[in-house]
Amino acid sequence: VPESSPSRSASRACLQPRKIASSTFSRGSCCPGSLGRQDPSEAPPGLPPACAAAGSRACAPWRVTPVPCASWPTAGDSSLFVASAAGQLLVHILGLSLQGPAEGHPGLQTGDWPVCAQKIVSHIEESLRSAATPQITQALNVLTTTFGHCHDPWTQVLWGRLSPLVACLLEKDPVPAAHSLVDLLLSVARSPVLSSSSSGLWETLAQTLSHLSPTQAGPLALGILKLQECPQVLRAQAFAVLLQPLTCVLEATAQAPGLLDSLDGTGGASVTVDTLLPSKAACVGLLCRTLAHLELLQPLPQRPSPWPQAPLLGATVTILRLCSGSATPTSDAGGHLCAFLVGCVRVQRAALDFLGTLSQGTGPRELVTQVFAVLLEYLTSPDSSPTVLKKAFQATFRWLQSSPETPGCSDLDPHAHLFLRELLPVLPKRLCSPCWEVRDSGLEFLTQMIGRWGGQAGFRRALLASEVPELTEQLLRDPESYVRASAVAAMGQLSSQGLRVTPASPEHPGGQQKSLLAELLHILSTDSEGFPRRAVMHVFTQWLRDGHADVAGDTERFVARVLQVASQDLDWEVRAQGLELALVFLEQTLGRPSSHCPYAVTPPVAAPPSSLAQALRPLCRVQLFEFAFRALFDCDRPVAQKSCDLLLFLRAQTASYGGPQGSGSVPEVASVEAALQRWQAGDQGQPLGYLEPEVVVAVLRSMDLEGLRGALAESSDRVEKSPQSLLQDVLATVGALGEDEADCY
């Protein structure tokens, strides 16, 4: 640490990296006094000797030694990385310097703190009094980090000293660094030490809510409502601030008085109108933030009660109609609002997201009818953008999923059935859209619907009466890979539920239906993109797990063909999914390992070797072991980890059968182990061929799978990310390279 504050150029020069080989810095010291010195005894007076860990007794004199805050000048650095790191460093220095004195004497005032801590606090005070917003922002960020990470009693003393300066910021117009101020106040409110003390925190929060603009006050209001412990009056004020923009929407569009009265307890709605209507940017930004905040608040248990479900539904539907142009405003304010919002994709996306979240609650029947009507309007409108359509499909599925079911039946209720009959004729148009995003969203919606209601008679009749199944099969050959992948998933669901249309019709006299299994195998073997091949593997795994008719006929042949194709795929996710399919087949063949009670009188009976051979022969015939052993040495670590887990599961299963305990009695084991060693070295050209069950068991017992799993669990850059390596890099940052490298350090 230099004895005087360095200039900007000197500070930058200290951060330039240099080759480690040319450095003569000490590697084993953590204290500033030993940086750059070979021998700790060379440290000048007043600085600590080298120690093994920060906070040891050797560092004790440093806590009370005047150390200039060399990192504070970098708070004005043009690099955000350097400024942020400087603030975090100050927080750590402050915490370290107060570990001893302030913890032993909780009532110790700041005047009795170590000199180092006093200098940091003085710098923060000077910055809070500054007229420059960047300095205020950095000071607030340092305090936010301090109160977020330190919950010792001395933080109460620090807040008591600095809270008046923070409160003075509210007297300025506009309030400087409002975002950082909100973060600081919420960090203080979440602190268990500060929130329970009578330090005027709640009064400061109330004043801040009233002084900030609606856009700035929204995050603070949401943070207050998320608090577990908070005065009810403050919660009511925060919720009123959050609801002001929606109250403005209902007021400007002359909604039903009941809805408006439910939200109009805010007092100050006129302020929101003045802020909301002057410009399109302000209107759009405020509505998007409000809808996003309410979406986050709705599922929380500490949300306000009673929750105004009906007014929120009415306001959200009104916003969507304003955006689509179907609303008829009856006032000048409503006309201005409609002009700002019509065709606004940002607001449409935010409103549809919040509308989907509101499906978790209940509302009046007439409002639910309006919800389905506006969703159908967006799904049928040619003006809906692809992203808006995707959000509309998602919200529609959530509302259909939450619709009340008939007692004793899991089918859709009559109202939802009516909506579905109106929606299904629209879905073919979306599946034929020239925009691939629209086709993809329609297929994803169809897959969700089949998975949820594919077994219900009403849904099956409506779907089979439409052109959707035939169009879905045609999309298996779509030019866009994402669409092909979604079509694969949808066809897998259709086939599983028996909803695939057969060509036995007047248009296809005597037509032969091509096997879907063969078509999906063709996609797995020939598709040039990875997404459709991954989707095929997911479908095949699910078919095997569910006992699909096309799979149950000849399961071994199916598994062998899929594993053969997957083993040659260049996409690691396809190979990993192949291991998942192999695990399902292994579990179905051998069964899950049964848990044995250690206190049982009768120990588990081991099956004879003949039973082991009989159980393993199907796995050998499909060459599952060769596929797993190859994956064990895969260059992609997730594949190797999955293979290792599969082989460990298999070894646990075969351990209870008995059988050969050593590899010496099996001559073929040596050749298999030699082949595996060649595979591990990178030569995987020679196949293993058919393996006898005894050979497999012997090889599994001879392999150190636990050690391999531990090695695979370690990241490849563990050495570079170790604290010692990082310290070496930091100590070597003396050179003349660009500023980007300095920012990294």
Side-chain angles (χ1 to χ4, degrees), residues 218 222 242-243 245-246 249 259 263 284 287-301 303-304 307-324 326-327 341 344-381 384-405 412-413 415-420 422-424 426-427 430 437-438 440-453 459 486:
L222 177 64
L242 208 56
L243 293 177
L246 299 189
V249 170
L259 295 180
L263 292 183
V284 169
L287 279 179
C288 288
R289 290 185 184 91
T290 300
L291 292 168
H293 291 156
L294 289 171
E295 181 186 357
L296 294 173
L297 184 64
Q298 199 273 344
L300 298 180
R303 71 179 188 184
W307 178 255
Q309 175 78 1
L312 291 176
L313 274 176
T316 308
V317 170
T318 300
I319 291 173
L320 288 171
R321 285 178 173 168
L322 287 170
C323 292
S324 65
S326 61
L341 297 181
C344 183
V345 174
R346 282 184 58 198
V347 177
Q348 288 174 341
R349 291 200 306 257
L352 287 168
D353 279 338
F354 183 48
L355 186 64
T357 304
L358 288 174
S359 65
Q360 301 174 16
T362 58
R365 169 57 65 181
E366 58 273 11
L367 274 178
V368 175
T369 303
Q370 293 180 28
V371 168
F372 281 113
V374 76
L375 287 173
L376 187 62
E377 177 186 344
Y378 270 80
L379 292 173
T380 57
S381 173
S384 297
S385 69
T387 54
V388 169
L389 267 176
K390 184 179 183 69
K391 299 288 186 183
F393 275 126
Q394 292 171 349
T396 299
F397 178 73
R398 297 181 70 175
W399 273 96
L400 288 173
Q401 198 174 24
S402 66
S403 61
E405 297 175 350
L412 289 166
D413 73 325
H415 184 77
H417 259 305
L418 178 62
F419 170 77
L420 195 61
E422 296 176 347
L423 174 63
L424 281 178
V426 179
L427 196 55
R430 295 307 185 189
E437 292 96 336
V438 175
D440 186 60
S441 299
L443 288 169
E444 289 179 351
F445 174 72
L446 174 64
T447 305
Q448 290 177 318
M449 294 288 291
I450 298 171
R452 178 64 177 83
W453 293 288
F459 175 78
S486 298

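Each residue takes its place number in the sequence, starting with 1.
Between the OG atom of Ser384 and the CD atom of Glu377 there is a distance of 8.0 Å, given to the nearest 0.5 Å. Considering CD1 of Ile319 and CZ of Phe354, their distance stands at 9.0 Å, rounded to 0.5 Å. Remark: Leu291 CG to Leu296 CG distance equals 11.0 Å, nearest 0.5 Å.
Between Cys323 and Cys344, the shortest heavy-atom distance links the atoms SG-O, 4.3 Å. Leu297 approaches Pro304 most closely through the heavy-atom pair CD2-CD, 3.9 Å. When all heavy atoms of Ser324 and Gln348 are compared, the closest pair comes out as N-NE2, 4.3 Å. When all heavy atoms of Thr290 and Pro245 are compared, the pair lying nearest together is OG1-CG, 3.2 Å. Of all heavy-atom pairs spanning Ser381 and Arg430, the tightest one is O-NH2, 2.8 Å. The two residues Ala315 and Val249 make their nearest non-hydrogen contact at O-CG1, 4.4 Å.
With a 4.5 Å cut-off on side-chain heavy atoms, Gln370 and Arg321 count as touching. Residues Gln401 and Gln448 fail the side-chain proximity criterion, which asks for heavy atoms closer than 4.5 Å. Side-chain contact between Leu400 and Arg452: absent, with no pair of heavy atoms (C-beta onward) separated by less than 4.5 Å. Residues Leu294 and Leu243 are in side-chain contact: their nearest non-hydrogen atoms beyond the backbone lie under 4.5 Å apart. Leu375 places a side-chain heavy atom less than 4.5 Å from the side chain of Leu352. With a 4.5 Å cut-off on side-chain heavy atoms, Thr396 and Tyr378 do not count as touching. Between Leu427 and Leu379 there is no side-chain heavy-atom pair separated by less than 4.5 Å. Within the 4.5 Å cutoff, the side chain of Val371 has heavy atoms near those of the Leu355 side chain.
Under the 30°/60° scheme for interplanar angles, the aromatic rings of Trp453 and Phe459 are found to be tilted.
The backbone N or O of Asp353 lies less than 3.5 Å from a partner atom in the side chain of Thr357, making a donor-acceptor pair. At least one donor-acceptor pair closer than 3.5 Å links the side chain of Ser402 to the backbone N or O of Ser359. Checked by atom type and distance alone, the side chain of Gln298 never pairs as donor or acceptor with a backbone atom of Leu358 at under 3.5 Å.
Take Phe393 and apply the ring pair (Phe, Tyr, Trp, His ring centres under 6.0 Å) test, not counting sequence neighbours, and it matches Phe445.
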